[in-house]
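Notes follow the structure.
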Amino acid sequence: MAGENGISQSESSDPYRSRDQQMDIQTLLLNINQDQREAIQLKYLHDLDNQTIADTTDVSIGTVKSRIFQGLKKLRDLERGDVDE
């Protein structure tokens, strides 16, 4: 079925663009420590809540929150180019 611009719905969603975005995310995640990466992946890629992550990784919920917060902060800084190597 064609949309207003004459492009079908399936033509407008580019599977390669999605794959490129996933590769970009995975590359960014390599720039944070393993604990932060694991917590962020469990939270946002596997959609687990903080308590489940804490139970799974055998750390406190405060540690999970800290790892996610610090990891996301570093990722934002990397994206903006604010991190000194």
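When reading the values below, keep in mind they use all heavy atoms of this one structure, side chains included, and skip hydrogens, waters and symmetry mates. Here the structure is a predicted model, which is why all the values come from computation and not from measurement.
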Query raised in the report: Does Lys73 have any salt bridge (Lys or Arg N to Asp or Glu O under 4.0 Å) partners at least two apart in sequence or in another chain, and if so, which?
Result: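 Expected list: Asp77.
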
Query raised in the report: Considering residues at least two apart in sequence or located in another chain, which fulfil the side chain to side chain donor-acceptor pair (under 3.5 Å) criterion with Asp35?
Result: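 Expected list: none.
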
Query raised in the report: Quick one: side chain to side chain donor-acceptor pair (under 3.5 Å) partners of Gln34, sequence neighbours excluded?
Result: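 By the side chain to side chain donor-acceptor pair (under 3.5 Å) rule, Gln34 matches no residue at all.
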
Requested in this report: Output every pair passing salt bridge (charged side-chain N to carboxylate O under 4.0 Å, His left out) with a member in residues 36-54, not counting sequence neighbours, ordered by first then second residue.
Outcome: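 Counting only pairs at least two positions apart or across chains, no salt bridge (charged side-chain N to carboxylate O under 4.0 Å, His left out) contact touches residues 36-54.
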
Validation: residues 59-71 side-chain donor-acceptor distances under 3.5 Å, sequence neighbours left out:
from, atom 1, to, atom 2, distance (Å)
Ser60, OG, Thr63, N, 3.1
Ser60, OG, Thr63, OG1, 3.0

Query raised in the report: Are Ile53 and Leu45 linked, directly or through other ILVMFWY residues, by side chains that come within less than 4.5 angstrom of each other?
Result: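 As far as the 4.5 Å side-chain criterion goes, Leu45 and Ile53 are not connected within one cluster.
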
**Report entry** Closest non-hydrogen atom pair, Leu75 against Ile32
**Finding:**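 Heavy atoms only, the tightest pair is CD2-CG2, 3.9 Å.
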
